[in-house]
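Have a look at the structure below before the remarks.
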Amino acid sequence: EPYMIPAILHLLLCCCVAFAVGQELKRHTLQGWLNHPSIWTALISKNLVYILIFCAWTWVWMLWLVEYRGWFIAGSLWMILTGQILFYSAYAFLSSAVVLATQDLTKSFGIIAVYGGSSLSFAGVTLPLNNAPAFTQFWANIIPFTPYAQLQTEQWVMGSPIHISLQPLMILALYVIVYGLISYLCLKKIRQGVIK
């Protein structure tokens, strides 16, 4: 259960962000972003709304698990919450990047379904990664769910020292930077095409 809810919510987040950005493209209302003095700020603002909504839902769910179901968080709650913000941010920027790169909402949903929908299975939560085929290990290492699941296990279940969980936290931050940069570059390319 501690892994299932983030798995469902991150996929819903991807769909919501993709749909929101896709509608901007479809309705030709992306001009507001493109005319903004900082397209980076416009991009972050669009994604931040969904990141905050899905973080809030996750925190309500965690409160229910801990306070009413009696689940005990053995490690750092703040580390888990920080990891969740980075986790949802990575997938939000990924969705923006896919939609802005393809400029096709149908293709975007297909890519997101494969990439985000397989997260729980390939993150080492439901299926072990030890001695897994090369493709499985490769896929596990290119999805943000894997470092998040590692961080959540270390902090929620095992109560590991904080320095142990810094590595998955930094990997999540790297995903945010990479996908955010790709989104920014795609949006910048669209702006250059509009100006020309």
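From a predicted model like this one, the values you see are computed outputs, not experimental measurements. Values below: all heavy atoms of this structure, side chains included; hydrogens, waters and symmetry mates excluded. We number each residue from 1, following the sequence as shown.
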Answer yes if [X] and [Y] sit in the same cluster of Ile, Leu, Val, Met, Phe, Trp and Tyr residues linked by side chain heavy atoms under 4.5 Å apart, and no otherwise.
| X | Y | result |
| --- | --- | --- |
| Tyr68 | Met62 | yes |
| Ile80 | Ile8 | yes |
| Trp78 | Ile171 | yes |
| Met170 | Phe87 | yes |
| Tyr179 | Leu185 | yes |

Hey, are the side chains of [X] and [Y] touching, using non-hydrogen atoms and a 4.5 Å cut-off?
| X | Y | value |
| --- | --- | --- |
| Cys186 | Ile182 | yes |
| His10 | Tyr148 | no |
| Leu86 | Tyr175 | no |
| Cys16 | Phe54 | yes |
| Leu9 | Ile5 | yes |
| Val98 | Lys107 | no |

Minimum heavy-atom separation for [X] to [Y], with atom names?
| X | Y | answer |
| --- | --- | --- |
| Met79 | Ser76 | N-OG, 3.1 Å |
| Leu105 | Val99 | CD1-CG2, 4.3 Å |
| Pro6 | Phe145 | C-CE1, 4.1 Å |
| Trp59 | Leu81 | NE1-CD2, 3.0 Å |
| Ser183 | Leu43 | CB-CD2, 3.4 Å |
| Pro147 | Leu172 | CG-CD2, 4.0 Å |

How many angstroms lie between [atom1] in [X] and [atom2] in [Y], if you round to the nearest 0.5 Å?
| X | Y | atom1 | atom2 | result |
| --- | --- | --- | --- | --- |
| Leu169 | His163 | CG | NE2 | 14.0 Å |
| Ser96 | Tyr91 | OG | OH | 14.5 Å |
| Gln84 | Leu151 | CD | CG | 9.0 Å |
| Phe93 | Ile44 | CZ | CD1 | 5.0 Å |
| Glu24 | Leu100 | CD | CG | 10.0 Å |
| Ile112 | Thr102 | CD1 | OG1 | 8.0 Å |

Next item on the list: With side-chain hydrogen bond (donor to acceptor under 3.5 Å, both in side chains) as the test, would you mind laying out the steps for Thr58 and Tyr88 before giving the verdict?
Entry: CA-CA 10 Å; Thr58 305; Tyr88 287 126; 2.6 Å; yes
Notebook entry, point to check: Do side-chain atoms of Ser95 reach the backbone of Cys14 as a donor and acceptor pair under 3.5 angstrom?
Noted result: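 Confirmed, Ser95 side chain pairs with Cys14 backbone.
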Notebook entry, point to check: Could you go step by step and tell me if Ser45 and Val49 meet the side-chain contact (heavy atoms from CB on, under 4.5 Å) rule?
Noted result: CA-CA 7 Å; Ser45 300; Val49 172; over 6 Å; no
Item checked: Check: Asn47/Ser89 side-chain N/O donor and acceptor closer than 3.5 Å ->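 No - no donor-acceptor pair under 3.5 Å links their side chains.
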Next item on the list: Can you spot which of Gln152, Gln150, Gln155 makes a side-chain hydrogen bond (donor to acceptor under 3.5 Å, both in side chains) with Ser165?
Entry: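 Exactly one option meets the side-chain hydrogen bond (donor to acceptor under 3.5 Å, both in side chains) with Ser165, and it is Gln155.
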Check: Transitive ILVMFWY cluster of Leu48 at side-chain heavy atoms under 4.5 Å: who else is in it?
Finding: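 Cluster partners of Leu48: Leu52.
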Notebook entry, point to check: Between Trp64 and Val60, is a side-chain contact (heavy atoms from CB on, under 4.5 Å) present by the stated rule, with each step listed?
Noted result: CA-CA 6 Å; Trp64 178 74; Val60 167; 5.7 Å; no
Next item on the list: Might you confirm whether atom CD of Gln23 has over 12 heavy atoms from other residues, nucleotides or ligands at distances under 6.0 Å?
Entry: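 Atom CD in Gln23 is crowded, with more than 12 foreign heavy atoms closer than 6.0 Å.
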